J.: 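Sharing a structure with you now.
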Amino acid sequence: MTVDEILGQGGLMSRALERYEFRPQQLQMANAVAEAFRRRRPLIVEAATGTGKTLAYLVPALLSGKRVVVSTGTKALQEQLFHKDIPFLKEHWPSKFDAVLLKGRRNYLCKLRFEQMRESPSFRTREDARLWPKVLSWAKYTQTGDRAEIQGLPDDYPTWNDLSVGAEACLGQKCPHFEDCHITTVRKQAAQAQIIVVNHHLFFADLAIRDTGFGEILPEFDALVFDEAHHVESVATSYFGMQMSNFRIRELIADITRALENEDVSTAHIDEGIEGLENASNAFFSVATFGLYDGRYSMDEVMQGTAGPMIRPAADNLIEALDVLKGNIQRTAGLGEVAVRLAGRCAEQRSDLAFILDGSDKKYVFFVEVRDKGFFLQAAPIDLAKLLRDKLLNAHDRLIFTSATLATDGNFDFFEERIGIKNRFENDEFPLDRMILAPVFDYENQAIVYVPRRLPAPNHPEWQDGVCTIVEYLIGLTEGRAFVLFTSYANMNQVFEKVAPKIEHKVLKQGEKPKRELLDEFRADTHSVLFATSSFWEGVDVEGEALSLVIIDKLPFASPSDPLTKARLDLIDSKGGSSFSLFSVPSAALTLKQGFGRLIRSKTDRGIVAILDSRIVSKGYGRYFLNSLPPARVAHNASEVKSWWAEHGNPT
């Protein structure tokens with residue numbers, strides 16, 4: 001069969017589904033993907049919301065007869081693709097095919113650790129203990145061991161850390177459950193499947209491991225599709241750098257303790273080494289993060305701070321403690337392979353910590369990140385372009401990048417430069433094909449963009465008062481049904497405190513409840529209002545009258561004080577480019593485009609996107625932002641928005 005015979009008018013899909021809606025853009029994309037596979041030439045394609053891009057790459061993938069890896073930006077899309085789109089295709093496809101969902105190790109139940117936990121349960125809180133029977137019941141029947149099957153289990157359920165195992169602590173073939181291990185099973189299935197569904201984190205973890213020459217996660221494959229490809233650079237950054245954290249040391253200590261419980265050897269000196277490591281770790285991370293709030297700080301900033309003179313001695317003590325523990329493990333007779341594995345982990349952590357603290361490699365930026373109760377020392381690669389050129393573009397010719405948000409100002413220049421396709425400074429460009437599909441939705445009639453021309457700029461002292469006035473007015477106009485999205489928690493909290501008491505409808509705020517619960521409540525009450533920050537700018541789908549208004553407080557420029565952002569800006573400037581026009585503006589335009597995308601999710605949706613940043617009309621770069629958004633009508637005064645809403649939007 002051909003793509004047209006499946007997705008075209010009168011094709012397989014239209015015959016199988018009574019309400020099938022033919023989408024020319026979907027067929028156009030599917031044919032382009034099929035051609036890219038046939039010609040072995042990479043393709044970038046932006047497919048706006050409503051295109052049906054999942055089927056547009058799955059259909060040609062299946063028709064190709066090749067083993068295809070589909071990598072998604074989030075586990076949520078990964079789950080949707082595997083549990084909704086693929087079963088739909090299996091039901092109607094003319095022949096049988098196998099597809100496998102593959103996640104990182106920590107998503108799967110370790111049978112050995114489950115046995116140990118069941119024999120001697122230990123919980124951190126009463127809530128952990130209360131949820132344990134749910135895990136016990138699920139473990140009896142699960143065929144996959146995937147924790148996502150457990151309904152109602154919180155994402156941050158602490159006990160799960162004791163029930164799963166990372167690659168560094170896995171016993172491999174020495175484990176008594178190796179043959180019936182959930183991870184072993186799913187990897188065997190992946191080796192036989194035609195479609196392997198992963199997420200970007202797993203894909204780049206595998207790519208980084210392949211550098212070492214062992215431990216590959218994915219089987220050999222013929223073609224690769226990146227869905228939500230705008231996440232590729234940020235995810236790859238985290239896997240081609242180095243990280244040291246209090247969590248990592250805590251996990252090392254827990255794994256050593258657990259491994260020695262089953263060994264019939266004297267461990268007194270190892271226990272002393274563990275105690276020394278615990279003390280050194282607590283001392284180091286207390287000093288290194290003294291006076292720091294959640295956020296990122298450059299290593300230079302931390303070293304020059306109040307605690308700076310104490311950091312190096314504390315780090316030397318931590319390095320020494322890792323060396324001592326490593327030596328104690330190696331000198332323990334009778335441990336054999338266990339000693340090699342555990343001592344190797346001590347050496348690896350010592351090496352990573354020393355590299356980060358040295359901070360001399362100019363290819364990396366070194367910084368400290370404080371997040372909840374986690375303290376992370378990181379070395380992140382500044383420029384991934386060459387690395388991604390070598391490991392993706394030169395290694396895979398059947399390669400598809402797709403997303404609803406890849407183009408800015410009508411082209412892919414920014415995305416291409418970030419992932420190594422194009423280098424303007426060396427006049428170098430990798431040969432591939434590009435496609436921007438026409439929007440499926442009628443944005444000119446379904447949406448209006450409101451940019452208040454008279455509102456002061458965000459750096460003006462009266463800007464926030466103006467924002468509060470407009471937020472209150474627009475929410476009154478649409479009778480709720482609103483997302484109010486902010487570029488920072490500080491702005492969100494300040495506007496919320498002033499406006500929320502004046503809103504007659506149910507008001508929700510990010511942080512008060514888990515994200516899933518907030519969205520469920522928002523959907524259930526079609527007049528509710530949600531105040532939120534970055535995590536709600538994308539990947540959130542609310543169709544229908546529950547969402548008729550999206551308010552964005554200001555243009556989402558990345559903070560130039562963020563160490564990684566600053567390093568990337570400085571690199572562009574050092575080459576003679578303008579970091580503002582080549583990085584800051586297009587990066588912010590993509591984020592704005594994602595925020596805009598929350599509003600129109602179907603052909604019946606109607607609504608207002610308000611961007612409360614007058615720089616769009618007062619600055620020369622403002623036109624770049626408008627050109628990057630879908631082609632909706634733009635208004636600059638409230639009366640025009642009110643008239644439009646009365647004519648086009650009001651669901652009543």
Side-chain angles (χ1 to χ4, degrees), residues 237-238 241-253 273-325 346 348-382 458-459 461 464 486-494 497 511 533-534 557-571 573-574 579 584:
T237 297
S238 63
M242 293 182 187
Q243 182 189 94
M244 194 62 192
S245 69
N246 57 330
F247 290 151
R248 193 176 173 196
I249 289 184
R250 191 181 306 163
E251 188 171 320
L252 171 65
I253 291 172
I274 288 175
E275 184 179 357
L277 180 58
E278 284 181 327
N279 293 335
S281 174
N282 291 336
F284 170 73
F285 285 106
S286 295
V287 169
T289 58
F290 178 78
L292 304 183
Y293 298 97
D294 280 12
R296 285 181 178 176
Y297 304 83
S298 72
M299 192 64 73
D300 288 343
E301 182 181 0
V302 173
M303 297 299 284
Q304 293 167 10
T306 305
M310 298 180 285
I311 291 177
R312 188 72 243 187
D316 290 340
N317 289 339
L318 180 53
I319 288 172
E320 182 181 355
L322 285 164
D323 283 336
V324 168
L325 182 55
C346 291
E348 181 183 14
Q349 293 197 17
R350 183 225 188 274
S351 173
D352 289 351
L353 178 59
F355 177 82
I356 294 171
L357 290 170
D358 176 64
S360 61
D361 193 321
K362 301 300 183 184
K363 296 191 295 295
Y364 294 84
V365 57
F366 302 89
F367 58 93
V368 173
E369 184 169 0
V370 182
R371 192 168 64 242
D372 296 327
K373 296 180 181 179
F375 309 126
F376 306 87
L377 279 72
Q378 302 198 58
I382 298 172
N459 61 352
Q464 192 176 94
F486 295 85
T487 53
S488 73
Y489 281 96
N491 285 347
M492 178 184 74
N493 290 327
Q494 290 166 11
E497 288 176 8
T533 62
S534 56
F557 286 108
S559 171
S561 63
D562 174 80
L564 181 56
T565 300
K566 183 179 184 304
R568 288 176 170 168
L569 295 174
D570 290 345
L571 179 63
D573 289 335
S574 70
S579 59
S584 298

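The figures that follow rest on heavy atoms only: side chains count, while hydrogens, waters and symmetry mates do not. All figures in this text were calculated on a predicted structure; none of them were measured in a lab.
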J.: Where is the tightest heavy-atom contact between P563 and S298, given as atom of each residue plus distance?
T.: CG-N, 3.5 Å

J.: In sequence, state the C-alpha distance, the side-chain angles, and the governing distance for F376 and V370, and then conclude on side chain to side chain contact (heavy atoms under 4.5 Å, CB included).
T.: CA-CA 6 Å; F376 306 87; V370 182; over 6 Å; no

J.: Would you check if I249 and M244 make a side-chain contact, meaning some heavy-atom pair closer than 4.5 Å?
T.: yes

J.: Near E278 CD, under 6.0 Å, is it more than 12 heavy atoms from other residues, nucleotides or ligands?
T.: yes

J.: Would S281 and L318 satisfy side chain to side chain contact (heavy atoms under 4.5 Å, CB included), going step by step from the backbone distance to the final call?
T.: CA-CA 6 Å; S281 174; L318 180 53; 4.1 Å; yes

J.: For D352 and R248, work out which heavy atoms get closest and say how close.
T.: OD2-NH1, 2.9 Å

J.: Once you round to the nearest 0.5 Å, how far does CZ of F366 lie from CE of M303?
T.: 12.5 Å

J.: With no hydrogens and no angle check, do the side chains of R296 and T565 hold a donor and an acceptor under 3.5 Å apart?
T.: no

J.: If every non-hydrogen atom of L277 is compared with every non-hydrogen atom of A321, which pair is closest and at what distance?
T.: CA-CB, 3.9 Å

J.: Quick one: CG on D361 to CZ on F355, what's the gap to the nearest 0.5 Å?
T.: 4.5 Å

J.: When rounded to the nearest 0.5 angstrom, what distance separates CZ in R312 from CZ in F284?
T.: 8.5 Å

J.: Could you check whether any side-chain N or O of S574 sits under 3.5 Å from a backbone N or O of L571, counting only pairs where one atom can act as donor and the other as acceptor?
T.: yes

J.: Measuring from atom CZ of R568 to atom CG of D562, what distance do you get when rounded to the nearest 0.5 angstrom?
T.: 9.5 Å

J.: I need the S488 OG to N493 CG distance, nearest 0.5 Å.
T.: 8.5 Å

J.: Taking all non-hydrogen atoms of both residues into account, name the closest pair between S584 and F557 and its distance.
T.: O-CD2, 3.6 Å

J.: List the atom of A280, the atom of N317, and the distance in Å for their closest heavy-atom pair.
T.: CB-O, 3.9 Å

J.: In Å, rounded to the nearest 0.5 Å, how long is the span from CZ of R350 to CG of L325?
T.: 13.5 Å

J.: If every non-hydrogen atom of I356 is compared with every non-hydrogen atom of M242, which pair is closest and at what distance?
T.: CD1-O, 3.9 Å

J.: Is any side-chain heavy atom of T289 less than 4.5 Å from a side-chain heavy atom of N246?
T.: no

J.: Could you tell me whether the side chains of D358 and S360 share a donor-acceptor contact shorter than 3.5 Å?
T.: yes

J.: How about CZ on F247, more than 12 heavy atoms from neighbouring residues, nucleotides or ligands closer than 6.0 Å, or not?
T.: yes

J.: Show the numbers, then the answer: is there a side chain to side chain contact (heavy atoms under 4.5 Å, CB included) between F290 and I311?
T.: CA-CA 10 Å; F290 178 78; I311 291 177; over 6 Å; no

J.: Should L377 and L357 be marked as a side chain to side chain contact (heavy atoms under 4.5 Å, CB included) after you check the CA-CA gap, both sets of side-chain angles, and the distance that decides it?
T.: CA-CA 9 Å; L377 279 72; L357 290 170; 4.0 Å; yes

